[in-house]
2 protein chains.
Amino acid sequence: MSSVTPRGAATPAAATRMRSEDRRELVLAAATAVFGERGYFGATTDQVAKAAGVSQPYVVRMFGSKEELFLAVVGRALERLLATFRSAIAEAGPAGSSGVTAVTDRMAQSYAELLADRGLLLSLMHGFLLGTEPVIGERMRDGFGQIYALLRDEAGLSPEEARVFLADGMLLNTLVSLQLAREVDTDAAFAELLACALPTKLDLIRGLGTAR
Amino acid sequence: MSSVTPRGAATPAAATRMRSEDRRELVLAAATAVFGERGYFGATTDQVAKAAGVSQPYVVRMFGSKEELFLAVVGRALERLLATFRSAIAEAGPAGSSGVTAVTDRMAQSYAELLADRGLLLSLMHGFLLGTEPVIGERMRDGFGQIYALLRDEAGLSPEEARVFLADGMLLNTLVSLQLAREVDTDAAFAELLACALPTKLDLIRGLGTAR
DNA sequence: GTCTATAGGGCGATAGAC
DNA sequence: GTCTATCGCCCTATAGAC
């Protein structure tokens, strides 16, 4: 499949030799998944290390501390979220040109697609719930402000339209994290809610709920 | 102020002698506040104990384990939430009778008032984000299902109306937890969003944001 | 019923070899 | 750059006195 370096063979699990930048990205992706599931406090640097196939002290060394690792995770998540929204806006044009629903629908679709990036949106969500943490809270307020500014200034949404869009996003995060899809086959009410909240993405959510 | 028992004087801080049921309620209220701020993993039984003015081992003894304490907290929170909604429905009548907005507005007002109970809604919110936890996750799915069932069957909302109501609630929780109100005076965008998301409750939120 | 003392385990971070 | 070994703290839970 992928190229194996001359030194190969003795290196850990999934990770054969690679550029340090790639390895940093690998650890960030692993950390995103772990923080997304258990939150900042619930996740351990050892869980991240095992998920990335490196040693626990190396994870800490790489980022300085667990808190800085979390800040890097949410920073990266925010970057991707904003970039994805900008692509959507570029495709659909801002709200002024061809109606509001063109942009919001396109952005909502982008948002749902970001769910495929395991833990990315849920790491942000966990962060949003830690507003009283001195460092993390400040960072999350700033990030939330960037999202709101994009919706207003770049997507061209009104305050009310932006509010509704954000509310839908928060519900989506909650439903995914709750893994409601787990009982979608046995609970008619959950099936009804999910069908309503995720018109076209039921299969995607179902996949996320079971793949553990 | 309140009655002091004969033994008084030597007992801890805020808590003079009281019935064990009252003390259990005191600990539950303290735990609700702590779990609401830091979540299940971030909260420690010692923080709960200090907030309640009792010893840490006593908190554990009382509920068996930290996990059972959390389950008691979210169980109590859910009870109160459902009871509050039922009062609102009783006052406004279900959606069929006098239009949908009568019930939803009354329930939304009730919901905002529950924010005064420190940590009650945020403990639930933290729980919703732990859907992958075996015991807690199952309990939270069940609780969420109860809320949805109430909105549909008792409040008489359509699936779409229930979805919008839930989405607004999730955004409200997020904004409160983020403590966006903290910067409402220096950040015009935050002020705009909060004014839009919390039409009549800006002062309430402001109070929550600063009182720490 | 409630406390003090403490055991036992896990976690983040550091030291130092390779 | 990455690992192994390990320290020291903090946290949950138990034991046992009052």
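The sequence lines fix the lettering, A, B, ..., with proteins before strands; numbering per chain opens at 1.
- In this structure, K66(B) and A43(B) approach most closely via the heavy-atom pair NZ-O, 2.8 Å.
- When heavy atoms are screened at a 4.0 angstrom cut-off, A43(A) is found touching the sugar-phosphate backbone but no base atom.
- dA13(D) atom P lies 8 Å from atom NZ of K66(B), rounded to whole Å.
- Between dC11(C), dC11(D), dC3(C), one nucleotide has an atom nearer to the side chain of S55(B) than all others, and that is dC3(C).
- A side chain to side chain donor-acceptor pair (under 3.5 Å) with T32(A) holds for exactly one of E37(A), R76(A), R118(A); it is R76(A).
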Audit row: F165(A), Y148(A), ring-ring contact (aromatic ring centres under 6.0 Å, His included) steps and yes/no: CA-CA 10 Å; F165(A) 186 84; Y148(A) 186 71; over 10 Å; no
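- F35(B) has its CZ atom 12 Å from the C1' atom of dT12(D), to the nearest Å.
- Nearest-nucleotide positions on DNA chain C for R38(A) and G64(A) put R38(A) closer to the 5' end.
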Residues H126(A), V74(A); criterion side chain to side chain contact (heavy atoms under 4.5 Å, CB included); working and verdict: CA-CA 10 Å; H126(A) 269 112; V74(A) 294; over 6 Å; no
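- Look at CZ on F41(B): it is 13 Å from C1' on dG10(C), rounded to the nearest Å.
- For the pair Y40(A) OH and dC11(C) P, the interatomic distance rounds to 14 Å; values are reported in whole Å.
- Atom CG in D46(B) sits about 16 Å away from atom C1' in dT14(D), given to the nearest Å.
- Following rounding to the nearest Å, R61(A) (CZ) and dC3(D) (C1') show an atom-to-atom distance of 10 Å.
- Residue M62(A) is the one, among P57(A) and M62(A), whose nearest nucleotide of DNA chain D lies closer to the 5' end (criterion: closest heavy atom).
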